Amino acid sequence: MSIQTSEKSSNRGQTFMRTLRQDHAGLSRIMREIDTQAHRLAEDSEGARAILVDAFRYLLRYHHAFHHPREDRLFARIRARDEALDQTLQQLSHEHETGEQETRRLAEDLARASNKELVGECGAELVDRINDYLRHTRTHMRHEETVFYSRAEQVLSDEDWLDIIADDGPDDPITDIRTMRASYPALARSLDEPTSHLGLHRPEHSSSHELRLQMLALTDLYGGLMHEAIDLTRTHFQRLKSVRDPVSLMRTAGTIYADNLRFAGQCVTRPSRWAINTGAGLIVGWLKPYMKQ
Amino acid sequence: MVSWQTRTAKLLSRLTIRQSLKRELSVADMRERIQAMERFFPNVPDDIRIEHEPGLNHCDAEWLTPGAGPTERVILHLPGGAFMTRFMRAERLLLARMCRATNARGRLVFYRLAPENPYPAGLDDCLEAYQQILDLGTPPEHLVISGMSAGGCLALAVLLKARDLGLPMPAGALLMSPAADMTEESTDGSRVSNAARDAVLSLERGDDIRRLYLGEHIELANHPYISPVLADYTGLPPLFFQVSGSEILLDDSHRCAQRARACGVSAEIEVWDRMPHGWQALSFAPESGRAIARLADFIRERCP
């Protein structure tokens, strides 16, 4: 009978730990989404704000309301069993509190800010705060995994598990897309998107795009010339090393001189050719609309 | 806004790696130049332990273990380098950073390179590494496979071959700009539209790479293990692509993800604006840290 009870509570312990790990999986998905949207705030403040507000609400309603209390119950038990971890677990519990406060503050500040503010300096400060929040949360998760995830099942007794598991909350809503759509519509829509764009993806004006491409071509051109210069220098050294007598020295000097002259010519003609072609291309591009008229 | 570190790296890549790829350099010269460039990458941090045992039959491989209590997670990482070269230090550092961010152990496989060892030598080595991790008792739900560029192609090939052989599938795959199209028709879309914008890769040597990698099996270019853009993805685990919007390999990721979704496989793509190919390995750039944090999020999602 006692063996059966022990097995049952140990299974419960495993299920409980699995739930905590699963919660971290959901939290990681949300961290990624917050990161995506925070960097879009200046570009599409309305859309990104709606998703971020949903994400912070989700964190407050599930992670801070149920997941962290679960972990805190576990920490308390482990601390009672393993004094060596006392300070670390106290720190982790403290981070739960500060994390909740910052989540609430960010959600409020985001909801309160006007679109104009989100695009300006205030928005940039908010993005910095969100980045800090993401960094702290990810580090916190990592510490939890290294500190107590492996220890819990070693140090806790059946009684401890029964105590910890009692009065458990709901499952993470992120596992059920219908719940997410009903409670956090903007966030759910964004999570469903198979492609995320990171950074600006506004189409560039065609003339500035063209100019940029030409500048890249110019960099390639000079890069090519630089490599040719290096190769030419190497070849010259090889030639000079093989000089045996004054006659071959004269011949080598002549070849080097001719090659250098040819290369100098390339250095002059290639960039000028680029400048003429680019200039003509840009002028035609600018004149095209007028020519059509 | 692209950071100044990434801008500098892009300019330097454009002047060095891209120029090397555009020119008729021998494979030995390319390797020599890459080795010279590698000096700019720092060593793996001290808290990461590197071990070589148990090894693989035909190639070198390393185990990377972070100091802070690793979990059961394992990342099998396959480096890039056009199947012919590799940035060993950069890839090692990349894997070390991923391991640290996820409390995972890392397996870095220096698979055999072409042209000395053409297809299927590299794929066989990667598959052996995959099988070994399973044989060592790692549950497949704690295993993630990752690959950069040519390594991304091999990562997809390992998944496809493992599925065909009836091996268990890992929890997910991270594919950083996979070079997944080796067919001769692979000369349109982003390979053309991004040809000028790509700061690292150049199409000029595409035919050479195909010929050297495939050796006498050149007729196999359309095989799904070589060009995974043509594969049937049924039964594969969730895939996570990171690719830059300005690289010639952009369409490879899109096409793989589309095919995967058509087969009912979850496939997410992140398209990063104006990043150079392989920016995840630029440890000094803030965008690299952000990319790795996002890869780590995906690993935690798939291997809770």
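Each chain gets a letter, A, B and so on, in the order the sequences are listed, and its residues count up from 1. All of these numbers come straight from a predicted model, not from anything done at the bench.
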(message) Quick check: closest heavy atoms across A:Gly224 and B:Arg23, and the distance to 0.1 Å?
(response) O-NH1, 3.9 Å
Heavy-atom distances under 4.5 Å only: say whether [X] touches chain A with side chain, backbone, both or neither.
| X | value |
| --- | --- |
| B:Phe298 | both |
| B:Leu11 | side chain |
| B:Ala267 | backbone |
| B:Ser202 | neither |

Is it the case that [X] and [Y] place a side-chain donor and acceptor less than 3.5 Å from each other?
| X | Y | value |
| --- | --- | --- |
| A:Arg40 | A:Gln37 | yes |
| B:Glu247 | B:Ser177 | yes |
| A:Arg32 | A:Ser196 | no |

(request) Mark yes or no for whether B:Tyr233, through its side chain, and B:Ala257, through its backbone, hold a donor-acceptor pair below 3.5 Å. (result) no
(request) Please find out if less than 6.0 Å separates the ring center of A:Phe56 from that of A:Tyr133. (result)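 Ring centres of A:Tyr133 and A:Phe56 closer than 6.0 Å.
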For chain A, which candidate among [options] shows the most heavy-atom pairs at distances under 4.5 Å?
| options | value |
| --- | --- |
| B:Arg18, B:Arg290, B:His254, B:Arg300 | B:Arg290 |
| B:Ser266, B:Ala296, B:Ala101 | B:Ala101 |
| B:Gln242, B:Lys22, B:Glu287, B:Arg100 | B:Arg100 |
| B:Cys303, B:Ser20, B:Ala293, B:Gly245 | B:Ala293 |

